[in-house]
> 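Okay, here's the structure, questions in a sec.
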Amino acid sequence: MRHTITDDLVRTQQEWSETYRRLAEQPGRTALRRRLLRLSRVLAGERLTPAATVELRRRARESGGAS
């Protein structure tokens with residue numbers, strides 16, 4: 001199964017990575033935890049193959065987000 005990795009999906013991965021980083025720096029922040037959960041649901045809903053997940057994270061890093 002091939003999956004198209006859209007710019008929106010790359011941005012979502014970038015947001016997830018940034019939120020995760022911020023939460024690691026400031027544990028216990030309810031708003032950040034909720035945002036991370038919402039972004040995680042969006043990404044999980046894509047049902048990406050493992051290879052597509054790796055590609056998504058690579059693109060997110062290359063576009064300026066940490067992963």
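None of the values given here were measured: they were computed from a predicted structure.
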> Once rounded to the nearest 0.5 Å, what's the spacing between atom CD of E46 and atom CG of D8?
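Going from the CD atom of E46 to the CG atom of D8 covers 9.5 Å.
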> Evaluate R59 against E62 for salt bridge (charged side-chain N to carboxylate O under 4.0 Å, His left out), listing each step before the verdict.
CA-CA 5 Å; R59 288 189 193 181; E62 288 179 358; over 6 Å; no
> Hey, are R22 and E25 close enough for a salt bridge, meaning a charged N less than 4.0 Å from a carboxylate O?
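Salt bridge: no.
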> Spell out, as yes or no, whether a donor-acceptor pair under 3.5 Å connects the side chain of R57 to the backbone of A52.
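No.
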> Under 3.5 Å, is there a donor-acceptor pair between the side chain of Q13 and the main chain of L56?
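Such a contact is absent between Q13 side chain and L56 backbone.
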> Using residues 33-40 as the side-chain source, report each donor-acceptor pair under 3.5 Å to any protein atom, sequence neighbours left out, with the distance given to one decimal.
{"unit_1": "R33", "atom_1": "NH1", "unit_2": "G28", "atom_2": "O", "d": "3.3"}
{"unit_1": "R35", "atom_1": "NE", "unit_2": "T19", "atom_2": "OG1", "d": "3.4"}
{"unit_1": "R35", "atom_1": "NH2", "unit_2": "E15", "atom_2": "OE1", "d": "2.7"}
{"unit_1": "S40", "atom_1": "OG", "unit_2": "W16", "atom_2": "NE1", "d": "2.9"}
{"unit_1": "S40", "atom_1": "OG", "unit_2": "L36", "atom_2": "O", "d": "2.8"}

> Within the structure provided, determine whether L9 and L43 are in side-chain contact (heavy-atom separation under 4.5 Å).
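Side chain of L9 against side chain of L43, heavy atoms only: contact under 4.5 Å found.
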> Does a side-chain heavy-atom distance below 4.5 Å link E18 with Q14?
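The answer is no; the side chains never approach within 4.5 Å.
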